[in-house]
Amino acid sequence: MTDLLQRLLPTVQKPARYTGGEYNQIVKPLEEVDVRVAFCFPDTYELGMSNLGMRILYGVMNQLPGVWCERVFAPWGDMEEAMKANNLPLWALESQDPVKDFDLIAFTIGYEMCYANVVNMLKLSGVPIHSRDRQGLNQLVFAGGVCAYNPEPLADFVDFFSLGEGEESTVEILTLYRKAKQAGWSKGEFLTAAGRIPGVYVPSFYRHTYHPDGTLAAIIPQDGAPQVVTKRIVEDLDGAYFPVKTIVPSTEIVHDRSNLEVFRGCIRGCRFCQAGFSCRPVREKSPEVLYRQAVESLKDSGNHELTLASLSTSDYRGLKALTDALIPDCQAHKVNLSVPSLRADNFSRELMEKLQTVRKSGLTFAPEAGTQRLRDVINKNLTEEEILDTCARAFSGGWNNVKLYFMLGLPTETDEDVLGIAQLVQKVIRTWQNHAANKKRGLRVHVATAFFVPKPFTPFQWEKQLPPEEYLRRTRLLKDAMRSRAVEYNWHAPDLSRLEAALARGDRRLGAVIEWAVDHGARLDGWDEYFQYGTWLNAFAACGLDPAFYTTRGYGEEELLPWQTISVGVSKDFLLRERHRAYAGQVTPDCRQGCAGCGANRLLKEGTCHA
């Protein structure tokens, strides 16, 4: 640790965020290293160290000979001020070396509200923020994560993007970089070769032109770049790297536990869900491999909580076999086994009772819409009867606390649909009154509504977002309709969701907006303490853009979309077909009831989805 950093740590909150030195961190002798990677998470330590994907890729890169990957996180505001006041550049935790001294600077980006952090972290590192200003083979910036599926808002800042799952493609990228460095290639030579790696998108190889009305006119590949870049997937999850020996944080993090990823992809087709479409096709891990990984990771970390993670864990076909094997171990070692991402249509009271022998936590379900009509529009494939039957089984088993998540502003939503949420909540209350095994503690129903954000690579990617004032009117309508003292209602503020929608569906012109916002103080936008919506509105105005162009305007079905150079394996024709089915109120069964022909199976060698 540098003397300067050591002097600053007592002056800031949570100094353990900045010190490194944790159990299982990886430190390599510099004489054995010829490629150094600063692996950046564009938010705080507590969030980044809770990210399983970052832990996986940290291990993948450090397994490579001659490569040393170190972690970098965004500083909290007090540390940033201290850094600026003392001319301390952003550093990597393992070595405390400045980020500007690294060969490659990699970002994993899972949330649009981190875009300002990406630029700000480069500025704090003393690294030129624009790709065009970084001329050498060092300080190459690349990025991955779900936000890379629309890379255009960050195209000015990132040299290349790695699309999809990175366990295999990252190895190929670093192997190529090592070759380029040893051979003395130029940056252009490296990017040309990197662009030939499947799943690598180089923004500078594509020229974007616009119509007078601001819509995208053309995306023109340069110098032989492919028309479409398709994401990478890992087909054999049993054989894929998993960090059973992983860093144990020395301070509290958001998800302070061991995580097991039981499968990737989703058999459901909720039409608003970007992850559900962009992570296809479904691939499962075997219960035997998961059990071994669970035992090893718990033993090494000492964690007392184990979570089975996926987009919809109760859809994992090996769930009973896995939990039957894990529960005796967890009970013997006083480990809490949790299974989030449950659906109301396949809730197992038997399983939940086994999992929660010590205490009953609350139940969480996401009906998303209050009426059957609207649930059919979004293809939730969930009926009111299933929701209430699940609640009845839970209440009769002793549960007295339920969280229900909904969206407001979904396509075709009416006031009747909004009031349908209140009516459904009232039916849940009556179900508790009729079935509760324990009425002494009373019932708590936590209702939360989010503001619908249309995302790329979903059937709703073309939709209009509600104006913020209309969203707020609907929240008031719903609040006034829920009078029971058993109900607690929370809703998301619309400003953040409006900006999220603009960044999610934005084009390259938003790079200037992000840069202006950062220059005027934008950072840590995912935190209420720092988000300043007015700064972003001023940034759009200063750059001659209107956020409504990307939000309430909507997109035409024939319009060229900024992310059309990218493929997640799901065809545009399928997404359009699903959009039309939504407006017709038609549901599409899940993948196990019959293939709907989304196209993602073509990413598999056998061409057969494992759903």
Side-chain angles (χ1 to χ4, degrees), residues 43 47 110-114 146-147 254 266 268-278 311-312 340-344 362-371 374-375 377-382 387 402-415 417-422 424-425 428 445-461 463-482 487-505 525-528 531 533 536 547 550-552 554 582:
D43 214 308
L47 287 174
Y111 183 32
E112 290 84 0
M113 301 315 297
C114 289
V146 69
C147 288
V254 174
C266 186
R268 310 290 175 169
C270 300
R271 291 170 177 139
F272 57 83
C273 181
Q274 185 182 44
F277 289 98
S278 65
L311 292 175
S312 182
S341 304
L342 294 176
R343 283 181 57 95
L363 296 171
T364 301
F365 299 112
E368 307 295 0
T371 63
L374 192 53
R375 285 193 294 275
V377 167
I378 65 176
N379 205 48
K380 187 64 183 179
N381 277 314
L382 182 65
I387 297 168
V402 62
K403 294 180 181 179
L404 300 173
Y405 287 98
F406 300 89
M407 285 189 190
L408 291 180
L410 288 162
T412 80
E413 182 182 80
T414 65
D415 283 0
D417 297 308
V418 175
L419 294 173
I421 296 174
L424 179 58
V425 170
V428 170
V445 182
H446 301 266
V447 178
T449 56
F451 187 6
F452 166 66
V453 176
K455 291 289 182 84
F457 298 107
T458 69
F460 291 160
Q461 66 181 357
E463 299 300 328
K464 297 179 179 180
Q465 189 184 41
L466 282 184
E469 56 274 14
E470 173 59 20
Y471 164 77
L472 288 174
R473 185 193 70 81
R474 297 185 191 190
T475 64
R476 292 191 295 269
L477 177 66
L478 177 57
K479 184 176 185 295
D480 290 342
M482 293 190 295
V487 177
E488 177 184 328
Y489 176 40
N490 301 104
W491 60 93
H492 291 188
D495 296 347
L496 194 74
S497 296
R498 189 183 189 217
L499 179 58
E500 181 184 344
L503 295 174
R505 296 197 295 181
D525 290 303
W527 298 83
D528 291 342
F531 178 58
Y533 188 49
W536 284 96
Y550 304 98
T551 57
T552 54

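On a predicted model such as this, the values are computed, not experimentally measured, just so you know.
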Once rounded to the nearest 0.5 Å, what's the spacing between atom OG1 of Thr475 and atom CG of Asn490? 11.5 Å
From CA spacing to verdict: side-chain hydrogen bond (donor to acceptor under 3.5 Å, both in side chains), Arg498, Tyr533: CA-CA 10 Å; Arg498 189 183 189 217; Tyr533 188 49; 2.9 Å; yes
How long is the span from the CG atom in Asp495 to the CG atom in Asp525, to the nearest 0.5 Å? 11.5 Å
If you round to the nearest 0.5 Å, how far is CZ of Arg473 from CG of Leu408? 10.5 Å
About how many Å separate OG1 of Thr371 and CG of Leu419, when rounded to the nearest 0.5 Å? 10.5 Å
Could you measure the distance from the CZ atom of Phe277 to the SG atom of Cys270? Nearest 0.5 Å is fine. 8.0 Å
Could you tell me which non-hydrogen atom of Pro367 sits nearest to which non-hydrogen atom of Leu382, and how far apart they are? CA-CD2, 4.1 Å
Minimum heavy-atom separation for Gly276 to Cys273, with atom names? N-SG, 3.2 Å
Mind checking whether Leu374 and Leu410 have side chains closer than 4.5 Å, heavy atoms only? yes
So for atom CG, which belongs to Asp528, do other residues, nucleotides or ligands contribute more than 12 heavy atoms lying within a distance under 6.0 Å? no
Please report the shortest heavy-atom distance between Val445 and Val425, naming the atom on each side. CG1-CG1, 4.1 Å
Go through the structure and list residues passing side-chain hydrogen bond (donor to acceptor under 3.5 Å, both in side chains) with Glu413, not counting sequence neighbours. Arg474
In Å, rounded to the nearest 0.5 Å, how long is the span from CE of Met113 to CG of Leu496? 4.5 Å
Just do the salt bridge (charged side-chain N to carboxylate O under 4.0 Å, His left out) check on Lys455 and Glu112 with the steps written out, would you? CA-CA 11 Å; Lys455 291 289 182 84; Glu112 290 84 0; 3.4 Å; yes
Among Tyr405, Trp491, Tyr489, find the residue that satisfies the side-chain hydrogen bond (donor to acceptor under 3.5 Å, both in side chains) test when tested with Thr449. Tyr489
Between Tyr471 (side chain only) and Gln465 (backbone N and O only), is there a donor and an acceptor less than 3.5 Å apart? no
For Arg271, give me all partners under salt bridge (Lys or Arg N to Asp or Glu O under 4.0 Å), at least two apart in sequence or on another chain. Glu578
Would you check, one step at a time, whether the test side chain to side chain contact (heavy atoms under 4.5 Å, CB included) holds for Val428 with Phe365? CA-CA 12 Å; Val428 170; Phe365 299 112; over 6 Å; no
Locate the shortest heavy-atom distance separating Phe452 from Lys464; write the atom from each residue and the value. CE2-O, 4.4 Å
Step-by-step side chain to side chain contact (heavy atoms under 4.5 Å, CB included) determination, Leu404 to Leu424: CA-CA 10 Å; Leu404 300 173; Leu424 179 58; 5.6 Å; no
Please give me the minimum heavy-atom distance between Ala502 and Thr551, naming the atom from each residue. N-CG2, 3.8 Å
Could you go through Val447 and Phe406, starting from their C-alpha distance and side-chain angles, then the distance that decides it, and tell me whether this counts as side chain to side chain contact (heavy atoms under 4.5 Å, CB included)? CA-CA 8 Å; Val447 178; Phe406 300 89; 4.0 Å; yes
How would you list, by chain and number, every residue that makes a side-chain hydrogen bond (donor to acceptor under 3.5 Å, both in side chains) with Glu368, sequence neighbours excluded? none
Least distance between heavy atoms, Ala582 atom then Phe460 atom: CB-CE2, 3.8 Å
